[in-house]
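Following: one structure in structure tokens, then a few remarks.
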Amino acid sequence: MRSKVRWPLVARRTHKWLALLVGVQVVLWTLTGFYMVVVHIDTIHGDHLVRAPAVQPFDLSGIVPPARIVAAEPESSELRLQRYFDRPVWRAETPAGLALFDAHTGVRLPPPTERDIRLLARRIYAGAGDIVSVRLLTTAPQEMQSRKPPYWQVEFQGWNRPTLYLSPATGELISRRHNLWRIFDFAWMLHIMDYDARTDVNNSLLRVATWSAFAMALSGAWLLVWAFPRRKKKKKAAA
């Protein structure tokens, strides 16, 4: 005699094993999503760590024309007039990378020294903590995997470990990092399940976990059908 399928038992076991498979990840999705919602994205970006650049007009008298910079560096491009320690400079993209030229003489300036980087970082940083360390990195740390080195790393005092990354060619701010950002980055890794580059939001592991969680929810809804007692229909009395 064929045994009858006990659907409530099938639903219960399906839900249990799926919960064991993806339950921890579902909890991680909830916790990491909560953190990413609670902490404002502007705080994560570190906007509060840097001063807004002061808008100062340029005195164009005596400034060499950009054609002179191009003549000195024929393959240069994207010339831009900006300030470097309160003096006007031409910033140019050259085949060797970014370079600065004195806007009054047209002479190419040497890369900033460590002392220059300290002074520039102190001007950029909006906090009150002292500089803890200054290092020229040739290997990207985990928090700067998306940026190609070299760059200067300047870390300041503070519970949040505020850190600025500056260009070794121009001293410009490349990025800023702090502990709330680092926690966010770790939470993002757990959330998207990309434990290497932390950028792939469509990886196979995430897709498997997502569909498994969806199946767990469906099996839970399926199990809910048998959670409420059913009323038995009364048999009609024989006429």
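Residue numbers run from 1 in the order of the sequence given. Excluded from the calculations below are hydrogen atoms, water molecules and symmetry mates; all remaining heavy atoms, backbone and side chain alike, are included.
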Between [X] and [Y], is any pair of side-chain heavy atoms under 4.5 Å apart?
X	Y	answer
Y195	N203	no
Q153	T163	yes
P150	L137	no
L164	V50	yes
W152	R135	no

Any link between V134 and Y125 through a network of hydrophobic side chains (Ile, Leu, Val, Met, Phe, Trp, Tyr) touching at under 4.5 Å?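 Yes; tracing contacts between hydrophobic side chains, which count when under 4.5 Å, links both residues.
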Measure the spacing between [atom1] of [X] and [atom2] of [Y] and express it to the nearest 0.5 Å.
X	Y	atom1	atom2	result
Q157	D130	CD	CG	5.0 Å
R91	Q82	CZ	CD	6.0 Å
S175	H45	OG	NE2	9.5 Å
E172	Y84	CD	OH	10.5 Å
I63	D102	CD1	CG	9.5 Å
F156	R122	CZ	CZ	5.0 Å

Are side-chain N/O atoms of T210 and R207 paired as donor and acceptor at under 3.5 Å?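 Checked: T210/R207 side chains show no N/O donor-acceptor pair below 3.5 Å.
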Is a side-chain N or O of [X] found less than 3.5 angstrom from the main chain of [Y], in a donor-acceptor match?
X	Y	result
D185	R182	no
W188	R198	yes
Q25	L190	yes
D42	D47	no
D194	D200	yes
R123	R118	no
T32	T30	no
W90	V64	yes
T43	V39	no
N160	L180	yes

Is the shortest distance from a Lys or Arg side-chain nitrogen in E73 or R108 to a carboxylate oxygen in the other one below 4.0 Å?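 Here E73 pairs with R108 in a salt bridge, since their nearest N and O are under 4.0 Å apart.
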Has R83 got its NZ or CZ under 6.0 Å from the middle of the six-membered ring of F58, at an angle within 45 degrees of the ring axis?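 Yes; both conditions hold, so R83 lies above the ring face of F58.
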Please confirm whether the ring centroid of H48 lies under 6.0 Å from the ring centroid of H178.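 Ring-ring flag for H48/H178: true, centres closer than 6.0 Å.
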